[in-house]
Amino acid sequence: MGLSLISLFTFVFLSFLLIFFHLASSRQSFCHDNEHSALLQFKESLAINKSASGDPSAYPKTTHWNLEEDSSDCCSWEGVKCNEDTGYVIELDLSSSCLYGSINSTSTLFNLVHLQWLSIADNDFNGSKIPSAINNLSELSHLNLSFSVFSGQIPSEMLELSKLESLDLSRNWLQLQQRGLESLAEKLTNLKVLDLGSVNISSSIPHGLTNLSALEFLSLKSCKLEGIIPSSFGNLNNLIHLDLYENNFGGIKIEYVKISNMLVCICLSNNRFEGEIPASVSILKGLRYLNLSNNNLIGGIPSSLGSLTVLESLDLSSNNLLGEIPPQLVKLTPLAFFNVSCNHLTGPIPQGAQFDTFSNMSYEGNPGLCGRPLSRKCGDSDLPPNEDDDDDEGSESPFAFGWKEVAIGYASGMIFGVVLGHIFLTRKYELFVKIFGMPLKRIERKRGRRRN
Ligand SMILES: *[C@@H]1O[C@H](CO)[C@@H](O)[C@H](O)[C@H]1NC(C)=O
Ligand SMILES: *[C@@H]1O[C@H](CO)[C@@H](O)[C@H](O)[C@H]1NC(C)=O
Ligand SMILES: *[C@@H]1O[C@H](CO)[C@@H](O)[C@H](O)[C@H]1NC(C)=O
Ligand SMILES: *[C@@H]1O[C@H](CO)[C@@H](O)[C@H](O)[C@H]1NC(C)=O
Ligand SMILES: *[C@@H]1O[C@H](CO)[C@@H](O)[C@H](O)[C@H]1NC(C)=O
Ligand SMILES: *[C@@H]1O[C@H](CO)[C@@H](O)[C@H](O)[C@H]1NC(C)=O
Ligand SMILES: *[C@@H]1O[C@H](CO)[C@@H](O)[C@H](O)[C@H]1NC(C)=O
Ligand SMILES: *[C@@H]1O[C@H](CO)[C@@H](O)[C@H](O)[C@H]1NC(C)=O
Ligand SMILES: *[C@@H]1O[C@H](CO)[C@@H](O)[C@H](O)[C@H]1NC(C)=O
Ligand SMILES: *[C@@H]1O[C@H](CO)[C@@H](O)[C@H](O)[C@H]1NC(C)=O
């Protein structure tokens, strides 16, 4: 008797609970019918193919998009976000979703005209051109088509997305003519982030690019750029990160670029920069990452690097550096990565502190080096002739004429004219090198602002 009462009570209670949850969930259901079917048609127009995405954690996010009663609200579908008041789809994140197939301007993706945020990065659109109907998405502030096998010329109509703040077209097979880049700069004036990595530009950087005065992040990595870095770069007052990795800024004429009142990150590895590392690099007390790998740098490693007390990573590999590794570097307690491979360094490897943690891989290709972790023991002839601190090396560097005149560029045999530093802008700890063209106080302020 008592038992059946309890059962009855439990049954009634559970029923109420079910009804309550049903009501609660159905109240959020305001996906618009036309957007619902646009999303479904977009899903149907593409195949799911594991090899279409490169990210190992990729999975098909659209699998559970369907018509069934319990998932009819497209606002609750994976990757979809709606405006809570209007119910319109405002965000679509289908990055790394194993989508494979061609896409053109008839795609129902372009019916989602309220989209503000769209990423279809890391899929395989089979060499499709970027559809000009992308223009229908006039509310877009963020567009990411990175690493998705798009090809052909970047359409000039793209240029009408006036609210765009972030545009990532990197790692496709796209081409952009110099004029295209210039008109892109004239129209997309709100851009803060522009990633054109691997877009074939094959020209010099157009002056007009500096119309993008809001720009904070600019990557022109592997764009086959040549010639000089235009002096108008100094107008990009908000630029924090400039990645010019792997281009052909070499053999060029003297061109000094004044970068006053501006803070820039540059990844300079894999270019053809020549000359010495200026000792004045030590001014950059905030330097964390320095990557000058694979250039034609000569001369010694400045002992003044030892005063960069927050340096975490130093890559000087594959240059033509001479002399000993300055013992002052042992003072760099945060140093977690060190690589001087493939140079012409000689003498004893500094011992103690972080230097006890680097393997012989850090020193390969310098037959003149000796001491732990290398098996070659140091003899008398390996002792440095004079242990003096010589902080004046490289004093003929362009910094003789002051901080604000930071210069990029060199000519035949000219000295390396760049003050280098590093900041990490993304949480990924990518390695970039920074040019500081402003008084240190201002740098600190800017840093502080980013941290907040
Ligand atoms: C899957 O995609 C790859 C390219 O990403 C393509 O070569 C292959 O043919 C596709 N497989 C199917 C079954 O469509
Ligand atoms: C991929 O592109 C090729 C060449 O344009 C075409 O023949 C093929 O049908 C496309 N495959 C898909 C799935 O769109
Ligand atoms: C666009 O793609 C659809 C579906 O893939 C195809 O049927 C149509 O012919 C294409 N239109 C153009 C103009 O290429
Ligand atoms: C894009 O916009 C044009 C003109 O506004 C319209 O004719 C076309 O149907 C739209 N395309 C899509 C796919 O919504
Ligand atoms: C674009 O998407 C890729 C892959 O998801 C991501 O790594 C990249 O950071 C995105 N770019 C921007 C500017 O958010
Ligand atoms: C890059 O563009 C240039 C000029 O438009 C062209 O000559 C070259 O073949 C292109 N390279 C690639 C790999 O597409
Ligand atoms: C863009 O830059 C060009 C050349 O530097 C200049 O003539 C033009 O006035 C600029 N346009 C805008 C809208 O700032
Ligand atoms: C420095 O850049 C080179 C490419 O130019 C890269 O191979 C290397 O991994 C980078 N060093 C570090 C420490 O990331
Ligand atoms: C150091 O750099 C060389 C040449 O760039 C590279 O082959 C090697 O793998 C690097 N060593 C480490 C420990 O990263
Ligand atoms: C580097 O270290 C490995 C393992 O510790 C050792 O086998 C190798 O002989 C060393 N190479 C040199 C050049 O010292």
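First listed ligand is number 1; within each ligand, the first listed atom is number 1.
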Polar contact flag for Asn104 and ligand 3 (N/O pairs, less than 3.5 Å):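 Asn104 vs ligand 3: N/O contact under 3.5 Å present.
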Can you tell me if [X] and [Y] form a side-chain donor-acceptor pair at under 3.5 Å?
X      : Y      : value
Asn126 : Ser128 : no
Gln116 : Tyr88  : no
Ser318 : Asn294 : no

Contact check, side chains of Ser204 and Gln178, non-hydrogen atoms, under 4.5 Å: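 The answer is yes, as the side chains (C-beta and beyond) meet within the 4.5 Å cut-off.
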Mutual orientation of the aromatic rings belonging to Phe125 and Phe150 [parallel < 30°, tilted 30-60°, perpendicular > 60°]: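 If you compare the ring of Phe125 with that of Phe150, the planes turn out parallel.
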Results of salt bridge (charged side-chain N to carboxylate O under 4.0 Å, His left out) for Asp124 - residues two or more places apart only: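 For Asp124, no residue satisfies salt bridge (charged side-chain N to carboxylate O under 4.0 Å, His left out) once neighbours in sequence are set aside.
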Per-pair distances, ligand 6 N/O vs protein N/O, less than 3.5 Å:
unit_1   : atom_1 : unit_2 : atom_2 : d
ligand 6 : 2 (O)  : Asn200 : OD1    : 3.1
ligand 6 : 2 (O)  : Asn200 : ND2    : 2.4
ligand 6 : 2 (O)  : Ser202 : OG     : 3.4
ligand 6 : 11 (N) : Asn200 : ND2    : 2.8
ligand 6 : 14 (O) : Asn200 : ND2    : 3.2

Contact atoms of ligand 1, heavy-atom distance to Ser51 under 4.0 Å: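 Contacts of ligand 1 toward Ser51, numbered from 1: 1 (C), 2 (O), 3 (C), 5 (O).
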Atoms of ligand 1, numbered as shown, that sit under 4.0 Å from any heavy atom of Asp124: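 By the 4.0 Å cutoff, the relevant atoms are 4 (C), 5 (O).
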Cys74/Cys82 sulfur gamma separation below 2.5 Å: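 The answer is no, since Cys82 and Cys74 keep their SG atoms 2.5 Å or more apart.
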Neighbour count >12 (heavy atoms, 6.0 Å) for atom CD, Gln177: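 It does not: Gln177 CD has 12 such atoms or fewer within range.
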Distance-only N or O hit between ligand 1 and Asn49, under 3.5 Å: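 N/O-N/O distance under 3.5 Å: yes.
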contact_flag Ala47 ligand 1 heavy-atom lt 4.0 Å: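 Contact check Ala47 vs ligand 1: negative.
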Trp77/His36 under ring pair (Phe, Tyr, Trp, His ring centres under 6.0 Å): CA gap, chis, key distance, verdict: CA-CA 10 Å; Trp77 290 350; His36 180 272; 5.1 Å; yes
For Thr106, the ligand 3 atoms whose distance to one of its heavy atoms is below 4.0 Å: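 Counting atoms of ligand 3 from 1, those under 4.0 Å from Thr106 are 1 (C), 2 (O).
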